[in-house]
Amino acid sequence: MKTNRTGIWIPVWIEKLNLSHSQTKLYAEIVSLHDKGGCFASNRYFGEVLSLKMDTISRLITSLKKLGLLEQTGFDGRRRFLRPLFSNPMTKEIISEKVPLEKNPTQDLKKNAENLQVRPAQKSNAGLEKIQSPFTITLEVQKRVQKKSPWEEFKNWSEKTLSKSTYCQISNLSSPESLQGALSLIWENWKETQYYSESLRSAIKCAY
């Protein structure tokens, strides 16, 4: 394989990661490729460069992923894209040097505190929110109370539709699970009728 490579340069910050010799060389190569525009080299390439077998390269990459130092960001069907997760600390130092330091941060903090104290109270709707909140909550509770459960609706329907003796039997029960025989059939028929009515109302709304 023809290449212009002159060797593997391993930065000090990678040496301090306490990786194995093979992991260090592979990680340094990945970081170098990433810094030059992206690492999409194959295991075969790494194997030829580092004089290692392809399955060894595969295991090393897996180990670097488990250590949280590397991730695979994509695969286009032909190339795999790797990205190192441990950034070069020298880059952070260079960036921090470019950011000007405040001459006297303590004074700025005092000014901010004074501004907060002197700043006049702004009008807000906090009071209205406190007044409106209970009212809103009351409406929501009323809606929940007004919306009866199917079992309650069924009992109301029974009172208006069925005989008094049948209604008495139903009203003494706490849930539809206690219904038996004919009463259970009445409940099932009522549910089907309600479902049909709701479906019909929905269809009419959609039509208009």
| Tyr45, Tyr27: one ILVMFWY side-chain cluster at the under-4.5 Å cut-off? | yes
| query | So which heavy atom on Ser42 is nearest to which on Arg80, and how close? | reply | C-NH2, 3.8 Å
| request: Before accepting this row, confirm whether a basic side-chain N of the pair Arg44/Glu48 lies closer than 4.0 Å to the acidic partner's carboxylate O. | output: yes
| field | Note, Asp35 side chain near Ser32 side chain (heavy atom, < 4.5 Å) | value | no
| message | Going by the rule side chain to side chain contact (heavy atoms under 4.5 Å, CB included), which residues pair with Ser175 if we only count those two or more places apart in sequence or in a different chain? | response | Glu177, Ser178
| said: Could you measure the distance from the CZ atom of Arg59 to the OG atom of Ser22? Nearest 0.5 Å is fine. | reply: 10.0 Å
| Can you check whether Lys25 reaches Val49 side chain to side chain, under 4.5 Å on heavy atoms? | no
| task | Quick one: pull up CH2 in Trp151 and NZ in Lys191 and give me the separation to the nearest 0.5 Å. | result | 10.5 Å
| Does any pair with a residue in residues 66-76 pass salt bridge (Lys or Arg N to Asp or Glu O under 4.0 Å), and if so which ones, sequence neighbours excluded? | Glu71-Arg83, Asp76-Arg79
| Does Glu152 CD have over 12 foreign heavy atoms under 6.0 Å away? | yes
| field | Verdict with supporting geometry, Glu15 and Thr24, side-chain hydrogen bond (donor to acceptor under 3.5 Å, both in side chains) | value | CA-CA 7 Å; Glu15 290 181 345; Thr24 300; over 6 Å; no
| note | When every non-hydrogen atom of Ser158 is compared with those of Ile170, the smallest separation belongs to OG-CD1, 3.6 Å
| message | Please verify the inter-ring angle class for Trp187 with Phe154; under 30° counts as parallel, over 60° as perpendicular, anything in between as tilted. | response | perpendicular
| query | Applying the 4.5 Å side-chain criterion to the ILVMFWY set and letting contacts propagate, would Leu185 and Trp190 be lumped into a single cluster? | reply | no
| said: Set out, in order, the CA-CA distance, both residues' side-chain angles and the distance that settles side-chain contact (heavy atoms from CB on, under 4.5 Å) for Gln23 and Leu67, then state yes or no. | reply: CA-CA 11 Å; Gln23 286 175 328; Leu67 291 172; 4.2 Å; yes
| Are Leu85 and Phe81 in one and the same hydrophobic cluster, where Ile, Leu, Val, Met, Phe, Trp and Tyr link if side-chain heavy atoms are under 4.5 Å apart? | no
| query | Going only through I, L, V, M, F, W and Y residues with side-chain contacts under 4.5 Å, is there a path from Leu19 to Leu52? | reply | yes
| task | Calculate, to the nearest 0.5 Å, the distance between atoms CG and CG belonging to Leu70 and Leu26 respectively. | result | 8.0 Å
| remark: When every non-hydrogen atom of His34 is compared with those of Pro84, the smallest separation belongs to CG-CD, 3.5 Å
| Heavy-atom count around Lys65 NZ within 6.0 Å, excluding the residue itself: above 12? | yes
| message | Quick check for you: to the nearest 0.5 Å, what is the distance between Leu162 atom CG and Cys168 atom SG? | response | 11.0 Å
| Worked verdict on Val31 versus Trp9 for side-chain contact (heavy atoms from CB on, under 4.5 Å) | CA-CA 10 Å; Val31 170; Trp9 178 72; over 6 Å; no
| Flag, side chain of Thr161 to backbone of Trp157, donor-acceptor distance under 3.5 Å | yes
| Side-chain touch Phe46/Ser58, heavy atoms, less than 4.5 angstrom | no
| Out of curiosity, Leu82 CG to Leu33 CG, how far, rounded to the nearest 0.5 Å? | 9.5 Å
| field | Joint hydrophobic cluster, Leu50 plus Met54, side-chain heavy atoms closer than 4.5 Å | value | no
| request: Please collect all ring-ring contact (aromatic ring centres under 6.0 Å, His included) contacts where either partner lies in residues 50-75, sequence neighbours excluded, each pair once. | output: none
| field | Pairwise side-chain contact, Ile186 with Leu179, heavy-atom cut-off 4.5 Å (strictly under) | value | no
| task | Could you tell me whether the side chain of Ser63 and the main chain of Leu60 form a donor-acceptor pair under 3.5 Å? | result | yes
| message | As an exercise, state the distance from NZ of Lys160 to OH of Tyr167, rounded to the nearest 0.5 Å. | response | 10.5 Å
